[in-house]
Amino acid sequence: MKILVINCGSSSLKFQLIDSETEAVIGKGLCERIGIDGRLNFTPAGKDKIEREVAMPDHNEAIRLVIEALTDAETGVVKTLDEIDAVGHRIVHGGENFTKSVVITDEVIKAIEDVSDLAPLHNPANLIGIRACQKIMPSVPMVAVFDTAFHQTMPEEAYIYGLPIEYYNKYKIRRYGFHGTSHAFVSERVAELAGKPYDQIKSIVCHLGNGASISAVCNGKCIDTSMGLTPLEGLIMGTRSGDVDPSVINFIEQKENLTTEEAMNVLNKKSGVYGLSGDVSSDFRDLEAGYRKGDEGCKRAVDAFTYRVAKYIGSYNVALGGADVIAFTAGVGENSGFVRKLVIDRLGALGITLDEKANEVRGEEKMISTADSKIKVFVVPTNEELAIARDTAALVK
Ligand code: ADP
């Protein structure tokens, strides 16, 4: 089957056409600046990237242009729209309504709308993507794959906040967790690499990208994760603060004369390693270069980031009653041996030792701990699009 995977944001839309039998990418691309001016790039497998500036007043037009690119007589990858068997949509927040991927129906759309107040920037954009596809491909089955679904197996003690219980009862305020598709994909793959059945292995998955989160997965089920009601909680990220004392928000509001919205914007967009570095960069390539040159801000940012990751690994090792494996994934986790070493060097108490040579790996599956390390450590590239395509194919078969 040919599965179109759509990841729709408020002004951008990423897409991939995947052959579900061979799992090969047939073509992929990105629409940007939707509703502003419009830019589209498309890469047919094995060919050069094609870039166009083209008016994209709304998501309907963006989807139409995606289909046009996929079916173009010269540079396209399918002859007609009929070759697309199904569409898989990435949906950020499923609340407690969705514990796994589902075929999209009117009820599913309503349920996604119902939890939109939990992800006001993301879910409405995801819904626009679904509706635009329905308009252009009314007879093609579609599947919703949720970022939160994998984490729905967390026990109450892990997802509940220490707040009056009425807020959970009335508003469902709790930890949900995100990047679930990646945590599921990587935890399953690292079990294969470690040579153990997925339902008999305890793993810690470190998804370290611009957004970053960690999860503890016990016998195929997530038992804890670092992101919360929203993706702001947990690790120090590119520009997000991660865990802070909640009183900080009110304190900043008063000292800097900010509204709550402005203070939240600081925590989401101006904090993390970017803010800690003194606005040098949120990109770990820049931070590593600065660190090596002795830049104080870059060192502070990287040290705080790697300390926080190690601290979470320690606590999830306890939550799991002893982990068997640790996996590093996403932009930083897959590519930065520098960050991985700084994290792993902090884990001596767990009997983990790094194979420095193996740790030079970039973007490939590899064990990076020594043979006698008490917990095995792997680099496992994530592939959220493939995970979405797999779920979609399985549900529409
Ligand atoms: P997201 O999907 O959250 O936007 P990614 O998982 O694509 O993020 O990760 C992007 C980040 O990965 C970049 O901001 C950068 O910090 C980091 N990154 C990418 N390549 C490298 C590299 N070679 N060395 C260090 N960091 C890298």
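If you read the sequence from its start, that first residue is 1, and numbering goes on from there.
- Here the shortest heavy-atom pairing between Asp147 and Val92 reads CB-O, 3.1 Å.
- In this structure, His59 and Cys8 approach most closely via the heavy-atom pair CD2-SG, 3.2 Å.
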Apply side chain to side chain contact (heavy atoms under 4.5 Å, CB included) to residues Tyr171 and Asp117 and explain how you reach the verdict.
CA-CA 10 Å; Tyr171 312 119; Asp117 59 343; over 6 Å; no
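- One finds a salt bridge joining Glu365 and Arg189 here, because a Lys/Arg side-chain nitrogen approaches an Asp/Glu carboxylate oxygen to under 4.0 Å.
- At a cut-off of 3.5 Å, with distance as the only test, no side-chain donor of Ser282 or Thr239 sits close to an acceptor on the other residue.
- Electrostatic pairing of Arg285 and Glu288 does not count as a salt bridge here, judged by no charged N lying under 4.0 Å from a carboxylate O.
- The CD1 atom of Ile26 lies 8.5 Å from the CD atom of Glu83; values are rounded to the nearest 0.5 Å.
- Using cut-offs of 30° and 60° for the angle between ring planes, the Phe178 and His93 rings count as perpendicular.
- Proximity of a side-chain donor or acceptor of Asp85 to a complementary backbone N or O of Lys2 within less than 3.5 Å is detected.
- The minimum heavy-atom distance linking Ala86 with Val140 is given by the pair CA-CG1, 3.6 Å.
- Residues Ile388 and Ile18 are not in side-chain contact: their nearest non-hydrogen atoms beyond the backbone lie 4.5 Å or more apart.
- Connection of Ile104 to Ile63 is established within a shared hydrophobic cluster, with ILVMFWY side chains joined at heavy-atom distances below 4.5 Å, either directly or through further cluster members.
- Looking at every heavy atom in both residues, Arg340 comes nearest to Gly333 through NH1-O, 2.8 Å.
- The shortest non-hydrogen separation linking Gly234 to Asp243 is N-OD1, 2.7 Å.
- Within a 6.0 Å radius of CG in Asn169, other residues, nucleotides and ligands contribute more than 12 heavy atoms.
- Without hydrogens or angle criteria, Ser101 side chain to Val145 main chain gives no donor-acceptor distance under 3.5 Å.
- To the nearest 0.5 Å, atoms CE (Met154) and CD1 (Ile160) are separated by 10.5 Å.
- Side-chain contact between Leu81 and Met137 is present, with at least one heavy-atom pair separated by less than 4.5 Å.
- Between Ser187 and Tyr198, the side chains place a donor N or O and an acceptor N or O closer than 3.5 Å (distance only, hydrogens not considered).
- At a threshold of 4.5 Å between non-hydrogen side-chain atoms, the residues Lys374 and Leu347 do not count as touching.
- Atom NZ of Lys366 has 12 or fewer neighbouring heavy atoms from other residues, nucleotides or ligands inside a 6.0 Å radius.
- Contact detail for Asp72 and Thr75: the closest heavy-atom pair is OD2-N, 2.9 Å.
- At distances below 3.5 Å, not a single donor-acceptor pair connects side-chain atoms of Ser182 with backbone N or O atoms of Glu384.
- Neither Phe42 nor Ile3 shares a network with the other; the hydrophobic side chains, linked directly or stepwise wherever heavy atoms of I, L, V, M, F, W or Y lie under 4.5 Å apart, form separate groups for each.
- Under the 3.5 Å distance criterion, with hydrogens and angles disregarded, no donor-acceptor pair is assigned to the side chains of Ser281 and Asp283.
- The closest side-chain donor-acceptor pair between Ser213 and His183 falls under 3.5 angstrom.
- At a threshold of 4.5 Å between side-chain heavy atoms, the hydrophobic network of Ile, Leu, Val, Met, Phe, Trp and Tyr places Ile352 and Leu208 in one connected group.
- No donor-acceptor distance shorter than 3.5 angstrom exists from the side chain of Arg64 to the backbone of Ile136, with no hydrogens or angles considered.
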Just do the side chain to side chain contact (heavy atoms under 4.5 Å, CB included) check on Ser226 and Tyr316 with the steps written out, would you?
-> CA-CA 10 Å; Ser226 58; Tyr316 286 175; 4.0 Å; yes
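- At least one donor-acceptor pair closer than 3.5 Å links the side chain of Thr148 to the backbone N or O of Gly94.
- Side-chain contact check for Arg39 versus Glu51: every heavy-atom pair is 4.5 Å or farther apart.
- In this structure a side-chain-to-backbone donor-acceptor pair under 3.5 Å is missing from Thr99 to Gln152.
- Salt-bridge check for Asp114 with Lys110: passed, with a basic side-chain N closer than 4.0 Å to an acidic carboxylate O.
- Put simply, the side chain of Tyr176 reaches to within 4.5 Å of the side chain of Leu229, judged on heavy atoms.
- Side-chain contact between Ile112 and Asn126 is absent, with no heavy-atom pair separated by less than 4.5 Å.
- Using a distance-only test at 3.5 Å, with no hydrogens or angles considered, no donor-acceptor pair links the side chain of Asp19 to the main chain of Ala24.
- Rounded to the nearest 0.5 angstrom, Asp355 CG and Glu360 CD are separated by 9.0 Å.
- A donor and an acceptor atom, one from each side chain of Asn265 and Glu261, are nowhere located under 3.5 Å apart.
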Derivation and outcome, side chain to side chain contact (heavy atoms under 4.5 Å, CB included), residues Thr382 and Val205:
CA-CA 11 Å; Thr382 191; Val205 177; over 6 Å; no
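- Two residues are said to be in side-chain contact when any heavy atoms from C-beta on lie closer than 4.5 Å; Thr306 and Arg346 meet this criterion.
- In summary, Glu188 and Arg390 do not engage in a salt bridge, as defined by a charged side-chain N under 4.0 Å from a carboxylate O.
- You'll find the side chain of Ile368 reaches within 4.5 Å of the side chain of Ile344, heavy atoms only.
- At least one donor-acceptor pair closer than 3.5 Å links the side chain of Asp324 to the backbone N or O of Lys202.
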Report the C-alpha distance between Val54 and Glu61 in whole Å, list the side-chain angles of each, state the deciding distance to 0.1 Å, and finish with yes or no for side chain to side chain contact (heavy atoms under 4.5 Å, CB included). CA-CA 10 Å; Val54 49; Glu61 184 58 12; 5.7 Å; no
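- Annotation: Asp372, atom CG; neighbour count of heavy atoms from other residues, nucleotides and ligands within 6.0 Å is above 12.
- For the atom pair CD of Glu262 and NZ of Lys269, the computed distance is 12.5 Å after rounding to the nearest 0.5 Å.
- For Glu96 and Tyr159, the side-chain atoms include no donor-acceptor pair closer than 3.5 Å.
- Phe328 and Leu320 fall within the same hydrophobic cluster, where Ile, Leu, Val, Met, Phe, Trp and Tyr residues are linked whenever their side-chain heavy atoms come under 4.5 Å apart, directly or through other members.
- Phe146 and Leu118 fall into different hydrophobic clusters, defined by Ile, Leu, Val, Met, Phe, Trp and Tyr side-chain heavy atoms under 4.5 Å apart, directly or through other members.
- You'll find the ring centres of Tyr161 and Tyr167 outside the 6.0 Å limit.
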